[in-house]
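Inspection log for the structure reproduced underneath, given as structure tokens.
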Amino acid sequence: MSDVLDTLILGSGPAGYTAAIYAARANLAPVLLAGPQPGGQLTITNDVENYPGFPKGIMGPEMMEMFKEQAARFGTDVREELGTEVDLGQRPFTIKTASGETFRSKTLIISTGASAIYLGLPNETRLQGRGVSACATCDGFFFKNKTVYVVGGGDSACEEATFLTKYATKVYMVVRKTTMRASKIMQQRALDNPKVEILWEQNVTDVFGENKVEALELTHSTTGEKQRVEADGLFLAIGHKPNTEMFQGVLDMDDTGYIQTIPGKTATNVEGVFAAGDCQDSYYRQAVTAAGTGCMAAIEVERYLEGQH
Ligand code: NDP
């Protein structure tokens, strides 16, 4: 493509689509590259109950379809494409895609989100998709009448554990401390469920099975005592890491890879590059805050471009 875009958006979660809605309505004709997981993390979640405007809740995938529709309605060019290479060293910026297309753009909005973290055990990697999963919504169906373990003590772990009780006979939550980080309401929901049992101060330290998960090794956090337990599934819900590898060494980041923006803004250390959503937010990580920063990024892009004239 030879034309130079006003703005290109990387990522299609709430931040990316909100940026697109605002940028499109400002006549910036944005191109949005949807990335490896179109719709982002909400497409692998269940009911979204805390997004304002949906008093009865809404399913994550449905909500993201609505975001997409709204962005497209105002003229966003949504591409089911993966941005693979970005050159921010010259202007306009160039963005290459997996299919070989090259875009040139005056500004860039990075809303690449975050991805699930795994424990990093060799057997966990080997058995991924064969009993090991980081997405109950995607894979829960395969665990009808089975015994599954969920690692983590945050809202995700509680949500996944509760969801898995729809299928599994028994769901164990493996929590490494004596307390859970999850909000009280989510904890209560899991604790009240007769199929859920919490294993406090435990860690999954190995996964066994030839072609599918058959058992796990649990290790006690303080005593170090190990035990082998039979299991059909292992679900990880231990947090996420930002998808920012592409920008390492170019954009300022914190120790864990979250892009650093100017306080109160989405502007990064490279002029014309803005970051919104979970790729720059390790603290709130909510759909609504991601959408908020997506809006901010588009407004900042608009003002930046005005200042260029
Ligand atoms: P969190 O970072 O909140 O929680 C991660 C959990 O995993 C913690 O309990 C942590 O334990 C545990 N953990 C981390 N590393 C390991 C490890 N190596 N071994 C064992 N346990 C580990 O992540 P979540 O994904 O749960 O939530 C992220 C954000 O999304 C939060 O802000 C949450 O509120 C929000 N959210 C909201 C939902 C809703 O309201 N419907 C649903 C899901 C998420 P420790 O506490 O010991 O560090």
Side-chain angles (χ1 to χ4, degrees), residues 13-15 37 40-64 113-125 132-138 140 149-164 172-191 193 196 198-207 216-222 224 226 231 234-243 254-258 277-293:
Q37 190 177 6
Q41 291 180 74
L42 282 184
T43 59
I44 55 166
T45 196
N46 317 306
D47 272 337
V48 179
E49 293 179 335
N50 49 13
Y51 200 91
F54 297 94
K56 297 192 173 94
I58 180 166
M59 296 302 282
E62 190 188 342
M63 180 158 128
M64 291 323 297
S115 300
I117 297 174
Y118 286 80
L119 292 167
L121 306 167
N123 284 330
E124 174 201 40
T125 314
V132 174
S133 168
C135 175
T137 319
C138 319
Y149 284 72
V150 177
V151 184
D155 281 337
S156 298
C158 291
E159 188 180 59
E160 303 263 285
T162 308
F163 176 78
L164 285 164
Y172 292 98
M173 282 184 73
V174 185
V175 180
R176 64 181 175 182
K177 292 184 184 153
T178 51
T179 52
M180 273 198 264
R181 195 191 295 192
S183 56
K184 288 285 170 277
I185 186 169
M186 301 292 276
Q187 283 193 39
Q188 207 53 51
R189 234 176 252 174
L191 289 165
N193 194 309
V196 176
I198 320 280
L199 304 175
W200 300 103
E201 290 191 90
Q202 291 288 350
N203 302 271
V204 172
T205 44
D206 208 347
V207 190
L216 305 173
E217 179 186 74
L218 298 183
T219 304
H220 195 275
S221 298
T222 49
K226 292 184 188 303
L234 173 66
F235 286 84
L236 289 314
I238 58 170
H240 293 81
K241 66 168 177 5
N243 300 319
D254 71 8
D255 294 346
T256 46
Y258 285 91
D278 284 14
C279 68
Q280 55 83 53
D281 170 24
S282 62
Y283 186 73
Y284 299 106
R285 298 183 288 188
Q286 300 300 300
V288 69
T289 48
T293 53

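Along the sequence shown, residues are numbered consecutively beginning with 1. Just so you know, ligand 1 is whichever comes first in the structure, and atom 1 is the first atom listed for that ligand.
L236 and I117 get closest at one heavy-atom pair: CB-O, 4.0 Å. Here the closest heavy-atom approach between residue M173 and residue A161 is recorded as CG-CB, 3.6 Å. Between A190 and T162 the shortest heavy-atom distance is CA-OG1, 3.7 Å.
Listed by chain and number, N50, L119, V151, G152, G153, G154, D155, S156, E159, R176, K177, R181, M186, A237, I238, G239, H240, Y284, R285, Q286 each place a non-hydrogen atom less than 4.0 angstrom from ligand 1.
Residues satisfying the ring pair (Phe, Tyr, Trp, His ring centres under 6.0 Å) criterion with Y172, sequence neighbours excluded, are Y149. Every residue meeting the side-chain contact (heavy atoms from CB on, under 4.5 Å) condition with Q37, not counting sequence neighbours, appears here in chain and number order: T43, I44.
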In a table with atom names and distances, give each donor-acceptor pair under 3.5 Å that connects a side chain of residues 179-187 to protein atoms at least two apart or in another chain.
unit_1	atom_1	unit_2	atom_2	d
S183	OG	D155	OD1	2.9
Q187	NE2	M180	O	3.2
Q187	NE2	A182	O	2.8

